[in-house]
Amino acid sequence: MQRAGGSGRGAGRAAVNIADTMNSGQVFLWRSVQKKGRGLWWYGVQGQETLRVDGDTGRTSTYRKGGKWSAYKKDLFRDSDNPGRIPESMPQDDVTAEAARRYRDLRIIRQDPYQCMVSFITSANSNIRRITGNLSRMAETFGRPVDVGGGAGTMHLFPAASALAGATIREIRECGVGYRAAYIKEASEMVESGEIDFGRIREMKDYGDMMDAMLAIPGVGNKVADCIMLFSLERLDAFPLDRWMLRVLGTRYGDVFGSRGSHAVSSAPSSAPSSSSPPSPLEHLTDKRYRAAHDKIAEYFGPYAGYAQQWLFKMARDDAGASWRQKM
DNA sequence: CCAAGGCCTGAATG
DNA sequence: ACATTCAGGCCTT
């Protein structure tokens with residue numbers, strides 16, 4: 001476990017745990033390279049830029065022509081959220097408190113919206129290992145190569161929307177994305193044409209309005225929408241509900257969110273639900289039930305509910321065993 | 001509105 | 001070995 005970014009609270013920036021942040025399922029095109037001395041560099045693709053992060057301090061640079069790295073100015077790790085104080089805004093129940101204590105330095109990465117959209121369309125009904133391979137192949141096939149030197153060598157920028165919009169479904173499918181290829185092409189066409197305008201969507205004040213805009217994108221359902229909103233559209237109250245989160249909410253927040261029969265839900269990831277278990281509000285999430293759940297969750301966890309989601313998600317995965325983690 | 005079933009793929013499981 | 005399951009869902013019926 002590395003904590004970084006200064007020792008004290010109050011005085012300097014709050015700490016940031018780069019490894020936890022990079023390994024929490026938010027991003028897929030980052031990898032670490034051993035520094036010459038102690039520590040790691042993290043190299044990643046962020047839209048049409050290649051970034052490098054100091055694994056100890058979180059200091060972020062962007063690659064410029066001519067082999068230079070210059071300071072990245074977009075607050076990648078959201079220091080402006082004042083992360084050290086976010087736990088105060090959350091409920092003080094035991095589970096949330098434990099997640100905050102263990103993962104308070106796990107940040108939310110401010111991502112490029114188009115890349116984020118394609119990434120999470122690709123993620124649906126998939127797994128991290130495969131998603132990483134899919135996106136890497138898309139970048140290699142449709143993204144411009146950049147030699148950043150150092151230990152990272154040649155990286156590929158994320159494909160521009162025009163590149164994936166102009167590709168054939170077959171070409172996209174050859175990256176291993178299966179039936180999602182058509183969604184990726186169509187969604188890219190919508191971005192290219194301006195039908196999807198992330199700059200405009202980002203300005204929407206109402207969660208429901210923004211959700212409606214996201215659900216108009218092919219391949220985007222509620223869960224993927226929440227990921228895109230949380231990671232790239234400044235919706236920090238977005239709370240992606242996937243199987244893992246449903247399990248956590250059912251087993252550890254049953255009192256709060258009204259899931260019945262929580263004792264019947266095993267903590268083992270592959271356990272099959274009991275065939276005779278009673279229906280729960282958190283099972284078979286339809287759009288309507290998903291939104292209702294969101295409202296209760298946002299009310300309970302507060303304006304930074306998305307951070308709680310990330311911390312709880314990481315805690316659940318870590319406690320279930322680390323075999324899911326992608327090996328790079 | 002809701003429930004059920006299909007869907008690419010490949011690593012993991014039996 | 002070989003078949004089945006399942007993975008951080010979405011879409012259509």
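Keep in mind that what you see is a predicted model, and the values were worked out from it rather than measured. Just so it is clear: chains get the letters A, B, ... in the order the sequence lines come, proteins before strands, and each one is counted from 1.
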Problem - Euclidean distance for P, C:dG8 against B:dG6 (whole angstrom) - result: 22 Å

Exercise for the section: Tell me whether the OP1 or OP2 atom of B:dC1 has a side-chain N or O from A:R291 closer than 4.0 Å. Expected result: no

Exercise for the section: Taking the side chain as every heavy atom from C-beta outward, state whether A:T62 and A:L51 have any pair of such atoms under 4.5 Å apart. Expected result: yes

Problem - Nucleotide C:dC6, atom C1' - distance to CD1 of A:I131 in whole Å - result: 14 Å

Problem - Aromatic ring proximity A:Y300/A:F239, centre distance under 6.0 Å - result: no

Exercise for the section: Figure out the CE/C1' separation between A:M211 and C:dC10, and round it to whole Å. Expected result: 13 Å

Exercise for the section: Among A:D79, A:N17, A:D20, find the residue that satisfies the side chain to side chain donor-acceptor pair (under 3.5 Å) test when tested with A:R107. Expected result: A:D79

Exercise for the section: Name the orientation class of the two ring planes belonging to A:F257 and A:F301 (parallel below 30°, tilted from 30 to 60°, perpendicular beyond 60°). Expected result: parallel

Handout entry: C:dG8 phosphate, OP1 or OP2, under 4.0 Å from A:S123 side-chain N/O
Key = no

Problem - Rounded distance in Å between the C1' positions of C:dC11 and B:dG10 - result: 23 Å

Handout entry: A:R247 CZ to C:dC6 P, straight-line distance once rounded to whole Å
Key = 12 Å

Problem - Donor-acceptor pair, side chain of A:Q115 and main chain of A:P113, under 3.5 angstrom - result: no

Practice task
Would you please indicate if the ring centroids of A:F28 and A:F120 are separated by under 6.0 Å?
Solution key: yes

Practice task
Using the P atom as the reference point in each nucleotide, state the distance between C:dT13 and B:dC8 in Å, no decimals.
Solution key: 14 Å

Handout entry: A:L40: which of A:R31, A:M22, A:K35, A:Q34 passes side chain to side chain contact (heavy atoms under 4.5 Å, CB included)
Key = A:Q34

Mind listing the N/O atom pairs, protein and nucleotides 11-13 of chain C, below 3.5 Å?
| residue | atom | partner | partner atom | Å |
| --- | --- | --- | --- | --- |
| C:dC11 | OP1 | A:G219 | N | 2.8 |

Exercise for the section: Kindly point out which of C:dG8, B:dC2, C:dG9 is positioned nearest to the side chain of A:V224? Expected result: C:dG9

Practice task
Mind calculating the distance between CZ (A:F28) and P (C:dG8) to the nearest angstrom?
Solution key: 11 Å

Practice task
Rounded off to whole Å, could you give me the CD1-to-C1' distance for the A:I228 and C:dC10 pair?
Solution key: 12 Å

Exercise for the section: Assign A:N222 to base, sugar-phosphate, or nothing according to its heavy-atom contacts below 4.0 angstrom with the strands shown. Expected result: sugar-phosphate

Exercise for the section: With heavy atoms under 4.0 Å as the rule, sort A:K223 into base, sugar-phosphate or nothing. Expected result: base

Problem - Any donor-acceptor N or O pair under 3.5 Å, side chains A:N134, A:T122 - result: no

Practice task
May I ask you to verify whether the side chain of A:R317 and the base of C:dG8 hold a donor-acceptor pair under 3.5 Å?
Solution key: yes

Practice task
Mind checking ring pair (Phe, Tyr, Trp, His ring centres under 6.0 Å) for A:H156 and listing every partner two or more places apart, or none if nothing turns up?
Solution key: none

Handout entry: Partners meeting ring pair (Phe, Tyr, Trp, His ring centres under 6.0 Å) with A:Y290 (sequence neighbours left out)
Key = none

Practice task
Look at the side chain of A:R180 and the backbone N and O of A:N125, then say whether any donor-acceptor pair between them is shorter than 3.5 Å.
Solution key: yes

Handout entry: Rounded interatomic separation in angstrom, taking CZ from A:F120 and P from C:dA7
Key = 18 Å

Problem - Test: A:D237 and A:R235 ion pair at under 4.0 Å - result: yes

Completion exercise
To the nearest angstrom, the CG-P distance between A:L285 and B:dA3 comes to 11 Å

Exercise for the section: Kindly state each residue pair satisfying salt bridge (Lys or Arg N to Asp or Glu O under 4.0 Å) with at least one member in residues 208-233 of chain A, sequence neighbours excluded. Expected result: A:D212-A:R291

Handout entry: Stem segments of DNA chain C by first residue number [Watson-Crick or G-U, under 3.5 Å, at least 3]
Key = B:3-7 with C:9-13, B:9-14 with C:2-7

Practice task
Using the P atom on both, measure C:dT5 against B:dG5 and round to a whole Å.
Solution key: 14 Å

Close N/O contacts between protein and nucleotides 8-10 of chain B (under 3.5 Å):
| residue | atom | partner | partner atom | Å |
| --- | --- | --- | --- | --- |
| B:dC8 | O4' | A:Y179 | N | 3.3 |
| B:dC8 | O2 | A:R130 | NH1 | 2.9 |
| B:dC8 | O2 | A:R130 | NH2 | 2.3 |
| B:dC8 | O2 | A:R180 | NH1 | 2.8 |
| B:dC8 | N3 | A:R130 | NH1 | 3.3 |
| B:dC8 | N3 | A:R180 | NH2 | 3.3 |
| B:dC8 | N4 | A:N125 | ND2 | 3.1 |
| B:dT9 | O4' | A:R130 | NH2 | 2.9 |
| B:dT9 | O2 | A:R130 | NH1 | 2.8 |

Problem - Whole angstrom value for the distance that separates P of C:dG9 from CD1 of A:I128 - result: 11 Å

